[in-house]
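Notes for the one structure printed next.
One-based numbering along the sequence shown.
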Amino acid sequence: QPRAPAPRPDPPPDPPPDPPPDPRSDQRPGLRTAARSAPTVSVRCFGGFRLELAGQTVDLTPVRARARSALRLLGTHAGQVVHKEVLIEALWPGLPVAAATRNLQVTVSALRGLLEPSSERGKAQLLIRSGDAYGIALPEGSFSDTATFTAAVSRWKQTHRTGTSAERADTLRAVLAAYPAPLLPEEGPADWAVNARERFQREVIGAARTLAMVELDQGNLPEAVTTAEYCLSLDPHDDEAWRVLIRAYTGGGALAKAIEVRRRYAEMLASLGLPEL
């Protein structure tokens with residue numbers, strides 16, 4: 001059956017603005033360049049934490065659970081430094097500052113013993129200190145999945161206004177490809193992990209919504225359907241993704257599918273106490 005031309009959707013919305021920088025966490029080139037003689041580092045946080053040094057997975061069981069959480073928190077900012085106040089607030093909330101600071105120092109010492117057991121005092125190359133902040137260095141050739149994702153989001157936002165439709169679609173696909181699963185499921189409902197998890201997921205939802213609209217606009221109906229469904233799997237209340245799904249099925253002549261999606265959409269709206277639009 002010939003494919004009917006898809007109705008042109010409204011122009012994609014502007015991507016969400018970059019959040020204001022947290023003065024307690026910042027990117028410093030030294031974290032990537034200062035440790036050239038250190039082993040390469042691979043930090044993965046999406047779908048579960050995994051740290052490799054020179055291609056070998058680091059066994060985290062020798063350190064305490066709180067130290068593992070500290071390493072995971074630093075891992076989400078690999079290549080950056082995180083101020084000690086952020087670490088204390090996340091890991092020892094409510095504890096007096098002096099006691100929490102001692103805990104942080106002990107924790108950092110334990111992690112350095114795990115990562116760099118032969119390093120001399122004050123000469124750590126991987127878990128480094130910069131003023132009142134700590135960070136995991138990324139020597140040349142290293143990898144961080146959260147850094148890769150953040151760079152993909154940045155490229156998407158740069159091409160949103162000046163790039164071609166094809167370029168925008170490519171950058172959006174790169175964002176989705178860089179997000180295989182939610183962040184650090186092993187940290188469960190810890191506030192700092194939930195906040196970080198939701199921050200990354202909001203970016204993914206925005207990219208999926210926009211890509212679905214771009215695919216629809218280009219007449220790539222199967223791709224529009226797949227991307228819109230993915231967006232709805234992350235946020236079942238995303239109104240624009242529902243509309244793209246309906247338009248894609250209608251434009252492709254799959255009227256039964258379109259009717260089914262309209263029913264699902266109406267049920268979603270009813271669950272929120274809203275009439276069908």
Side-chain angles (χ1 to χ4, degrees), residues 12-28 31-32 41-52 60 68-83 86-87 89-91 133-136 138 142-160 168-214 226-241:
D14 288 345
D18 293 320
D22 186 340
R24 302 173 299 179
S25 175
D26 67 297
Q27 180 72 43
R28 302 201 178 180
L31 289 186
R32 184 173 290 277
V41 177
S42 174
V43 187
R44 298 182 185 274
C45 299
F46 293 127
F49 188 75
R50 181 182 178 92
L51 176 66
E52 296 180 2
L60 305 183
R68 295 196 293 271
S69 290
L71 186 62
R72 292 176 190 131
L73 193 160
L74 292 171
T76 66
H77 299 276
Q80 301 173 322
V81 290
V82 181
H83 198 279
V86 175
L87 294 164
E89 182 181 338
L91 300 170
Y134 298 87
I136 296 176
L138 292 177
S142 296
F143 171 80
S144 160
D145 60 354
T146 55
T148 298
F149 176 84
T150 300
V153 170
S154 179
R155 287 192 295 272
W156 158 38
K157 293 178 179 180
Q158 288 171 1
T159 61
H160 175 72
R168 291 198 300 272
D170 285 343
T171 58
L172 287 162
R173 293 185 190 107
V175 172
L176 301 190
Y179 182 85
L183 186 86
L184 298 175
E186 60 268 66
E187 285 295 330
D191 286 345
W192 69 266
V194 169
N195 291 337
R197 201 176 293 142
E198 291 178 348
R199 184 175 70 252
F200 284 110
Q201 185 161 297
R202 281 194 299 271
E203 297 280 17
V204 176
I205 291 169
R209 176 195 309 119
T210 306
L211 179 58
M213 297 171 72
V214 170
T226 298
T227 310
E229 287 283 19
Y230 175 64
C231 182
L232 291 171
S233 74
L234 299 176
D235 181 7
H237 301 135
D238 193 287
D239 190 74
E240 194 58 53

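When all heavy atoms of A208 and C231 are compared, the pair lying nearest together is CB-CB, 3.8 Å. Of all heavy-atom pairs between E203 and V153, the closest is OE1-CG1, 3.7 Å. The two residues A193 and L183 make their nearest non-hydrogen contact at O-CD2, 4.5 Å. Looking at every heavy atom in both residues, L91 comes nearest to A70 through CD1-CB, 3.5 Å. Between A78 and V43, the closest heavy-atom pair is CB-CG2, 4.2 Å. Between G47 and P185, the shortest heavy-atom distance links the atoms C-CD, 3.7 Å.
Within the model, atoms CG of D170 and CZ of R155 stand 11.0 Å from one another, a figure rounded to the nearest 0.5 Å. The structure places CG of L87 at 11.5 Å from OG of S69, a figure rounded to the nearest 0.5 Å.
Taking the six-membered ring for Trp and thresholds of 30 and 60 degrees, F46 and F149 have ring planes more than 60 degrees apart, a perpendicular arrangement.
With hydrogens and angles disregarded, a donor-acceptor distance shorter than 3.5 Å links the side chain of S233 to the backbone of Y230. Side chain of R197 to backbone of G188: a donor-acceptor contact under 3.5 angstrom is found. Between the side chain of T210 and the backbone N or O of G206, at least one donor-acceptor pair lies under 3.5 Å. A donor-acceptor distance shorter than 3.5 angstrom exists from the side chain of T146 to the backbone of T76, with no hydrogens or angles considered.
With a 4.5 Å cut-off on side-chain heavy atoms, V214 and T227 do not count as touching. Two residues are said to be in side-chain contact when any heavy atoms from C-beta on lie closer than 4.5 Å; F143 and L138 fail this criterion. Looking at E89 and H83, their side chains never come closer than 4.5 Å, going by heavy atoms from C-beta outward. E186 has its side chain within reach of R72: a pair of non-hydrogen atoms, C-beta onward, lies under 4.5 Å apart. Looking only at side-chain heavy atoms (C-beta outward), Y134 and L73 stay at 4.5 Å or farther from each other. Under the 4.5 Å side-chain criterion, counting only non-hydrogen atoms from C-beta, Y179 is not in contact with D145.
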Trace of the side-chain contact (heavy atoms from CB on, under 4.5 Å) decision for I136 with L71: CA-CA 9 Å; I136 296 176; L71 186 62; 3.8 Å; yes

Candidate pair W156 and L211, rule side-chain contact (heavy atoms from CB on, under 4.5 Å), full reasoning: CA-CA 11 Å; W156 158 38; L211 179 58; over 6 Å; no

